[in-house]
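For reference, the structure is listed below as structure tokens.
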Amino acid sequence: MSVQEYLDKHMLSRKIEDAVNAAVRAKTSDPVLFISNHMRKSVPSVITKIIGRQILDSRGIPTVEVDLFTNKGSFRASVPSGHVSGMYEAVELRDGDKGIYLGNSVTRAIKNINEKISEALVGMDPTLQSQIDQAMIDLNKTEKKGELGANAMLAVSIAACKAGAAEREVPLYKHISDLFGKTNPTLPVPAFTVISGGKHAGNNLAIQEIMILPIGANRFEEALQMGSETYHHLKILVSFPYAFCLTPHPQAVIKEKYGEQGCNVGEDGGFSPNLSSVQEGLGLVKEAISRTGYGERIKMAIDVAATTFCKGTKYDLDYKSQNKSGQNFKSADDMINMYKELCAEYPIVSIEDPFDREDWEHIKQFSELGLCQVVGDDFLMSNYNRTKRAINESSCTALILKVNQIGTVTEALEVVKLAKDAHWGVVASHRIGETEDSFIADLSVGLAMGQIKTGAPCRGERVAKYNQLLRIEEELGDQAVYAGEDWRAT
């Protein structure tokens with residue numbers, strides 16, 4: 001084949017002429033680089049290869065990572081994992097061989113990525129997110145994604161989303177916003193975990209988390225500073241609980257109360273001193289906020305995770321204390337009264353999972369009091385049908401979104417739309433087993449959720465999300481909007 005025949009076959013003469021004309025119009029100082037980039041952009045992007053691998057999450061437990069390749073680059077995504085909380089969430093695929101990673105390895109999910117999913121998606125346009133996700137759903141053939149594994153599907157879905165943004169030459173959060181149907185990108189209020197309990201820590205605290213929300217900040221950058229400073233003030237209080245008293249107590253008394261392990265942190269970075277009650281923890285956090293000088297600009301929230309310590313119809317707030325367990329049972333009505341008292345005494349604006357996940361009656365009753373935002377996590381499990389029922393029955397007022405409980409980006413957008421149309425709050429959330437992937441930061445901005453929950457302002461896998469939000473705010477410049485006082489109304 002002659003050179004001219006080759007040029008004609010691939011219509012290169014016309015394409016090169018177009019690139020040269022574009023370079024002339026742009027008056028570029030580097031025509032070779034300009035023409036190269038122009039020619040590259042003129043080629044439609046398609047998925048060319050998908051490679052899955054097993055990596056470790058922040059707990060040292062295997063999870064899934066994917067590299068998705070197009071003819072314009074490679075895009076990586078890794079998925080988090082959490083405590084399996086019920087029958088309503090998508091299923092992670094694990095190997096179950098107790099001799100390898102105690103049964104937690106994910107080589108079957110990886111095999112599905114490298115063979116079945118790759119074969120189905122290679123050649124597809126990465127900008128067509130819904131079609132990519134639907135292709136995997138059709139391939140899976142089970143409602144809870146147990147055949148391919150929700151962990152396998154989500155890793156590919158997120159990697160494709162990143163590739164789609166790159167193809168469109170827009171930031172990831174902007175691409176997500178466009179997939180959703182256009183929103184005004186908004187920096188969320190972070191709910192920083194400052195004290196950990198429940199399943200997340202080895203102390204006696206029954207509830208899972210005490211959090212702070214800097215709703216009075218003017219920018220996300222300021223909110224991060226406020227959260228970090230409060231966290232470090234709390235560290236001093238946890239280490240030396242009498243340090244701010246007028247008459248300091250001897251060191252021996254401090255050690256007797258919390259011990260030298262008082263500053264140990266839970267799996268999500270919150271401190272885990274051996275507190276005797278939630279009130280004691282809230283009191284420490286309130287004092288730490290006071291010491292920062294931020295006052296009412298910082299509010300508080302708690303994740304009760306009540307299903308963890310629900311015994312029949314009663315709640316055992318001492319379930320982690322061998323000497324006291326079974327002696328302090330509370331009825332659901334007792335719990336409502338406790339929440340009323342907490343909201344009256346502390347600046348609590350949000351309570352997550354205040355009752356067992358099947359106690360629709362009392363979560364509705366508590367939500368109707370209007371004392372604070374009532375968030376469904378274990379109660380909803382990011383499940384579309386449960387969220388729809390909760391909206392119809394006026395049970396809770398906000399959704400925790402954990403994308404790995406759903407399995408694809410498209411389905412995550414659908415449940416967010418459902419919640420937003422009902423004027424609910426939506427909280428983008430991490431999982432207890434996290435990776436360095438910061439996708440949920442872009443997701444929270446692109447969907448204008450107004451709230452993000454991704455642990456303490458420490459530990460690399462948690463801070464990765466906060467640092468990405470800093471970059472997004474910097475990129476948006478004067479157009480950046482921080483949810484702040486409108487944290488639920490975005």
Side-chain angles (χ1 to χ4, degrees), residues 79-94 129-130 133-134 136-138 140-155 157-158 176 179-180 199 208 303-308 310 350-364 366-367 373-433 439-440 443-444 447 449 451-453:
V79 296
S81 178
H83 300 298
V84 177
S85 56
M87 65 184 75
Y88 305 105
E89 59 184 312
V91 176
E92 293 179 334
L93 184 60
R94 296 191 180 274
Q129 185 73 42
S130 63
D133 290 342
Q134 189 59 51
M136 288 191 288
I137 291 169
D138 293 342
N140 184 76
K141 300 175 185 176
T142 60
E143 182 181 357
K144 295 173 65 179
K145 303 179 174 65
E147 184 176 334
L148 294 178
N151 44 354
M153 292 172 65
L154 180 63
S157 183
I158 292 175
I176 292 169
L179 290 173
F180 190 66
K199 289 183 177 180
Q208 194 156 275
D303 176 3
V304 182
T307 298
T308 305
C310 181
S350 182
I351 296 180
E352 184 178 331
D353 284 342
F355 302 98
D356 180 72
R357 64 170 169 256
E358 297 301 339
D359 190 351
W360 291 80
E361 176 188 354
H362 288 96
I363 197 166
K364 173 181 171 66
F366 180 59
S367 297
Q373 173 179 261
V374 181
V375 187
D377 180 9
D378 293 343
F379 181 62
L380 301 173
M381 284 169 274
S382 305
N383 180 280
Y384 186 93
N385 291 329
R386 278 183 74 89
T387 303
K388 186 174 182 179
R389 177 184 169 186
I391 290 169
N392 292 337
E393 296 184 14
S394 300
S395 300
C396 68
T397 59
L399 164 74
I400 283 275
L401 180 73
K402 295 177 175 177
V403 288
N404 79 308
Q405 291 183 325
I406 303 173
T408 67
V409 171
T410 299
E411 290 168 292
L413 301 189
E414 289 170 354
V415 74
V416 170
K417 185 177 189 307
L418 180 68
K420 279 179 164 283
D421 286 349
H423 306 291
W424 273 23
V426 183
V427 187
S429 179
H430 65 159
R431 298 308 309 266
I432 200 62
F439 177 76
I440 64 168
L443 186 72
S444 69
L447 300 185
M449 292 186 185
Q451 305 172 63
I452 189 169
K453 173 183 174 181

May I ask you to decide if the ring planes of His362 and Phe355 are parallel, tilted or perpendicular, using 30° and 60° as cut-offs? tilted
Mind checking whether Asn151 and Leu93 have side chains closer than 4.5 Å, heavy atoms only? yes
Intermediate values then yes/no, side chain to side chain contact (heavy atoms under 4.5 Å, CB included), Met449 and Val416: CA-CA 8 Å; Met449 292 186 185; Val416 170; 4.0 Å; yes
Distance col, row Asp303:CG vs Ile400:CD1, nearest 0.5 angstrom, shows 7.0 Å
So does Glu393 get a backbone contact from the side chain of Lys364, meaning a donor-acceptor N/O pair under 3.5 Å? yes
Let's go through Met153 and Glu411 carefully: what are the C-alpha distance in whole Å and the side-chain angles of both, what is the deciding distance for side chain to side chain contact (heavy atoms under 4.5 Å, CB included) to 0.1 Å, and is it a yes or a no? CA-CA 12 Å; Met153 292 172 65; Glu411 290 168 292; 5.6 Å; no
Full working for side chain to side chain donor-acceptor pair (under 3.5 Å) between Gln451 and Ser429: CA-CA 9 Å; Gln451 305 172 63; Ser429 179; over 6 Å; no
Within the distance-only criterion (no hydrogens, no angle test), does the side chain of Asp353 pair as donor or acceptor with the backbone N or O of Asp378 below 3.5 angstrom? yes
Tell me if a side-chain donor or acceptor on Thr397 pairs with a main-chain N or O of Gln373 at a distance below 3.5 Å. no
Before you tell me yes or no, could you show the steps for Gln134 and Thr410 under side chain to side chain contact (heavy atoms under 4.5 Å, CB included), namely the whole-Å CA-CA distance, both residues' side-chain angles and the distance that decides it to 0.1 Å? CA-CA 9 Å; Gln134 189 59 51; Thr410 299; over 6 Å; no
Do Glu358 and Arg386 sit within salt-bridge range, that is, some charged N less than 4.0 Å from a carboxylate O? yes
Does the side chain to side chain contact (heavy atoms under 4.5 Å, CB included) test come out yes or no for Phe366 and Asp359, once each step is laid out? CA-CA 11 Å; Phe366 180 59; Asp359 190 351; over 6 Å; no
After noting the C-alpha distance and the side-chain angles of Thr308 and Gln208, does the key distance pass the side chain to side chain donor-acceptor pair (under 3.5 Å) rule? CA-CA 9 Å; Thr308 305; Gln208 194 156 275; 4.7 Å; no
Name all residues meeting the side-chain hydrogen bond (donor to acceptor under 3.5 Å, both in side chains) criterion together with Glu414; count only those two or more places apart in sequence or in a different chain, and write none if there are none. none
If you round to the nearest 0.5 Å, how far is CD of Gln405 from CZ of Arg431? 4.5 Å
Between Glu89 and Lys402, is there a side-chain N and carboxylate O pair less than 4.0 Å apart? no
